[in-house]
Amino acid sequence: MKLTATTFITIDGVYQAPGGPDEDRSDGFPHGGWAYPYDDQDFGAFMDGIFGQVDAFLLGRKTYDIFAAYWPKVTDPDNPIAGRLNSLPKYVPSSTLTSPEWAETRVLTGDLREEVTALKAHPGRELQVHGSGRLVGSLLTLGLVDTLHLLTFPVVLGTGKRLFPESALPSAFGLASSRPTSTGVVINTYARTGEPTYGDFGAED
């Protein structure tokens with residue numbers, strides 16, 4: 001399976017608590033729910049399309065807890081997101097999650113590189129990461145992200161957790177697609193192409 005990560009960030013790179021005020025108040029974060037004003041049909045159609053490609057999920061512990069508290073309660077058979085989240089395999093790297101109650105959940109307790117590499121070797125389309133900013137940062141550091149859907153919202157917050165750690169593995173990505181929504185969110189899809197290349201604008205031909 002190809003590993004794809006879908007992440008909401010602000011212009012200044014914050015990913016923390018896009019969905020609600022109490023989603024993640026750690027470090028005194030006061031801006032929870034910053035993505036809400038930008039919801040529209042374009043955004044919804046993109047997310048429905050993403051969930052149409054998934055065969056398994058890889059979720060960070062905090063995102064898993066948020067999802068597990070909400071999505072099992074959504075029982076509408078026509079909801080494409082709830083249907084897949086509730087029925088497909090969900091893998092959670094964690095040393096503290098011991099007895100998950102959400103169906104089809106498996107806790108990963110081993111080495112992250114080895115565990116995720118093994119999952120990617122399974123047959124299927126996409127192993128998807130949603131939210132899970134800290135996990136995405138680790139996966140980028142390990143060079144395990146194949147495709148990155150980066151949804152940049154037109155807001156600057158100044159404080160909050162940033163997506164890209166300084167330890168991220170230097171990587172080059174090609175722009176596979178780019179589209180704006182009616183509310184100004186820019187949806188860029190990047191495919192990893194390998195290592196960066198370097199040059200010098202001042203060099204003579």
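Only a predicted model underlies this, so the values are computations on that prediction, with no experimental measurement involved.
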Examine F43 together with F8 and report whether their ring centres are nearer than 6.0 Å. yes
Keeping D39 on the side-chain end and G44 on the backbone end, is there a donor-acceptor pair under 3.5 Å? no
Where L112 and P93 come nearest, the two heavy atoms and their spacing: CD1-CG, 3.9 Å
Less than 4.0 angstrom from a charged side-chain N to a carboxylate O is my criterion; do R179 and D42 meet it? no
When rounded to the nearest 0.5 Å, the distance separating CD of E126 from CG of D55 is 8.5 Å
Test salt bridge (Lys or Arg N to Asp or Glu O under 4.0 Å), reference K161, set D12, D24, D27, output is D24
Got a second to check how far T189's OG1 is from L175's CG, nearest 0.5 Å? 8.0 Å
Okay, side chain of S132, backbone of L59: is any donor-acceptor separation there less than 3.5 Å? no
Might you work through the side chain to side chain contact (heavy atoms under 4.5 Å, CB included) test for D146 and K120, ending with a clear yes or no? CA-CA 10 Å; D146 298 304; K120 291 178 66 175; 3.0 Å; yes
Calculate, to the nearest 0.5 Å, the distance between atoms OH and NE2 belonging to Y91 and H122 respectively. 5.5 Å
Are any side-chain N or O atoms of R125 and backbone N or O atoms of V54, one a donor and one an acceptor, separated by less than 3.5 Å? yes
Close side-chain approach of P72 and N86, heavy atoms under 4.5 Å: yes
Rounded to the nearest 0.5 angstrom, the OH-OG1 distance for Y15 and T63 is 8.5 Å
Can you name the nearest heavy-atom pair linking V186 to S178, along with the distance? CG1-OG, 4.1 Å
With H149 as reference, evaluate Y190, F46, F51, F173 under the ring-ring contact (aromatic ring centres under 6.0 Å, His included) test and give the passing residue. F46
What's the separation between atom OH in Y64 and atom OG1 in T105, rounded to the nearest 0.5 Å? 3.0 Å
Could you tell me whether the side chain of W34 and the main chain of Q16 form a donor-acceptor pair under 3.5 Å? yes
Can you tell me how far OG1 of T6 sits from CD1 of I50, rounded to the nearest 0.5 angstrom? 4.5 Å
Non-hydrogen side-chain atoms of F57 and F67 separated by less than 4.5 Å: no
Determine whether L140 and L169 satisfy the following criterion, side chain to side chain contact (heavy atoms under 4.5 Å, CB included), listing intermediate values before the conclusion. CA-CA 6 Å; L140 289 168; L169 181 73; over 6 Å; no
Whether the side chain of R25 engages the backbone of E23 through a donor-acceptor N/O pair (distance < 3.5 Å, no angle test) should be reported. no
